Number of protein chains: 2
Amino acid sequence: MADPPLSRETLLPRLAAHVLEHGLAGASLRPLARAAGTSDRMLIYHFGSKDGLVTALLEHVAGMYASALEMAYPTEPAASRRDCAQRLLAIGRAPMFASFLRLWWEIVAGAATGDAAFRASAAAMMDSQLAWFEAHLPPDDPDPKAGARLVALAVEGALMMDAIGLGEVGEAGLAALEG
Amino acid sequence: MADPPLSRETLLPRLAAHVLEHGLAGASLRPLARAAGTSDRMLIYHFGSKDGLVTALLEHVAGMYASALEMAYPTEPAASRRDCAQRLLAIGRAPMFASFLRLWWEIVAGAATGDAAFRASAAAMMDSQLAWFEAHLPPDDPDPKAGARLVALAVEGALMMDAIGLGEVGEAGLAALEG
DNA sequence: CGCGCTATGTAGCAAGTGCTACAGATAGTC
DNA sequence: GACTATCTGTAGCACTTGCTACATAGCGCG
């Protein structure tokens, strides 16, 4: 299958794919290496340590997420904040984001412990999302920045409800947004 | 020191305390046992397996959370949904909830993978919270159930922002709530 | 007393963890 | 060709993981 250099850069996408599928919590060197077509030995060689690998991986995932957002749905403008939030929830629920979301909650949990790498990745992903949300607000929104923040809280809250199996609570909550 | 029977029931509070302090992800039998004053051998004896222990522990934590909420602040009624959300965020930020929140995001991450025990615990905790939120809405709220859901989305979103180090985003978002 | 039940300690196992020491291969440079 | 720097495979180490086999204590009951 043509195995060229296998540097950090060629490795990262495969590692990210594995982590998106199997989660970050239980990811250990040997399975990761197998998925990427190398050995644990080489992962340490390229990334210095597992911590280094995880940090690089989190950065990479944040980048992937940003481009996934960029590619996703430049739909016509929403009619209201509520309408906007409901559409964004629907997009977030699309299959292409499912594995991102599973990983997202792991990253949030890691960030909650204070880990710097997790925080950086989470903040980067959230920044992308806030900008993207802002771009999807109704064009006549009185305060797009604040509006995007409110919509982000509500949509993230609803996605969390999805994660814990209470999707309808999220829907009901969004429906109660002003607009 | 009085070390009476040491049954499941006497063990669970100590195990919960350890998990609240050190997290659930890296919790392994031997440290847990040490913290609870037993051996890994006895944990397996009482709970059957680690899965059994985690399940019991999650149930117990959900119960603890419910009583923590019950004890917390029966403040005077809020003036609006926004006011309510801002107060509840302040309460959620209080030190006594910090370790609960760290654990909460771990539970959400576990639930996001589809694990039944994590989902059950998360749903139980969220149900307590929704009821509690509903009780704190302004008494003239037109639709308390929907209002509580909206407030829950926003507050949980804001707490998530806290977890990833973007607390001001949460504050700005809540400030944009109608009210 | 003796029997059986529950509770507990000691040792250990097979698997997996991150990481390292050592050796070799390859390739580019003088 | 000799030397050096980059890359990679093989083995292994010390440790942790969940869990088990075995033995033993204690206690209630006939």
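For clarity, every value in this text was computed on a predicted model and none was experimentally measured. By convention in this document, chain letters (A, B, ...) are assigned in the order of the sequence lines, proteins followed by strands, and residues within each chain are numbered from 1.
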Side chain of A:P31 only, please: which of D:dT6, D:dG9, C:dT17 is the nearest? C:dT17

Indicate whether OP1 or OP2 belonging to D:dC7 is found under 4.0 Å from a side-chain N or O atom of A:H46. no

Do any of residues 16-30 of chain B sit with a heavy atom less than 4.0 Å from DNA chain D, and if so which? B:A27, B:S28, B:L29, B:R30

Using whole Å, what does the distance between atom C1' of nucleotide C:dA21 and atom CD1 of A:I44 come to? 14 Å

Quick one: A:L43 CG to C:dT20 C1', roughly how many Å, whole number? 15 Å

Nearest of D:dC19, C:dC19, C:dT8 to any side-chain atom of A:D40? C:dC19

Provide, to the nearest angstrom, the distance between the CG atom belonging to A:L32 and the P atom belonging to C:dG16. 15 Å

By side-chain contact (heavy atoms from CB on, under 4.5 Å), which residues pair with A:L69, not counting sequence neighbours? A:Y65, A:F97, A:S128, A:Q129, A:W132

For B:S28, check side-chain contact (heavy atoms from CB on, under 4.5 Å) against everything at least two apart and list the hits. B:P31

So, the side chain of A:T38 versus the backbone of A:R34: is there a donor-acceptor pair under 3.5 Å, distance only? no

Hits for side-chain contact (heavy atoms from CB on, under 4.5 Å) against A:S99, two or more places apart or cross-chain, chain-then-number order -> A:L20, A:R102

Neighbour count >12 (heavy atoms, 6.0 Å) for atom CD, A:E21: no

Salt bridge (charged side-chain N to carboxylate O under 4.0 Å, His left out) partners of residues 148-165 of chain B, not counting sequence neighbours, each pair once: B:R93-B:D162

Test side-chain contact (heavy atoms from CB on, under 4.5 Å) applied to A:D115 - qualifying residues, sequence neighbours left out: A:T113, A:A117, A:F118

B:R41 side-chain proximity, nearest of C:dC19, D:dT20, C:dA7: D:dT20

In whole angstroms, the gap separating C1' of D:dT10 from OH of A:Y45 amounts to 17 Å

Just to be sure I understand the geometry, which residues of residues 47-55 of chain A put a non-hydrogen atom under 4.0 Å away from DNA chain D? none

Within the 4.0 Å heavy-atom criterion, would you say A:S39 contacts the bases, only the backbone, or no part of the nucleic acid? sugar-phosphate

If you look only at pairs with a residue in residues 158-179 of chain A, which of them pass as a ring pair (Phe, Tyr, Trp, His ring centres under 6.0 Å), with sequence neighbours excluded? none

Which residues pass the side chain to side chain donor-acceptor pair (under 3.5 Å) test with A:R82, sequence neighbours left out? none

When the distance from CZ of A:R8 to P of D:dT6 is rounded to whole Å, what number comes out? 16 Å

Ordered by number, residues from residues 112-121 of chain A within less than 4.0 Å of DNA chain C (heavy atoms) are none

Which residue pairs satisfy the ring pair (Phe, Tyr, Trp, His ring centres under 6.0 Å) criterion with at least one member in residues 144-177 of chain A, sequence neighbours excluded? none

Applying ring pair (Phe, Tyr, Trp, His ring centres under 6.0 Å), which residue pairs with at least one partner in residues 16-45 of chain B are found, sequence neighbours left out? B:H18-B:H22

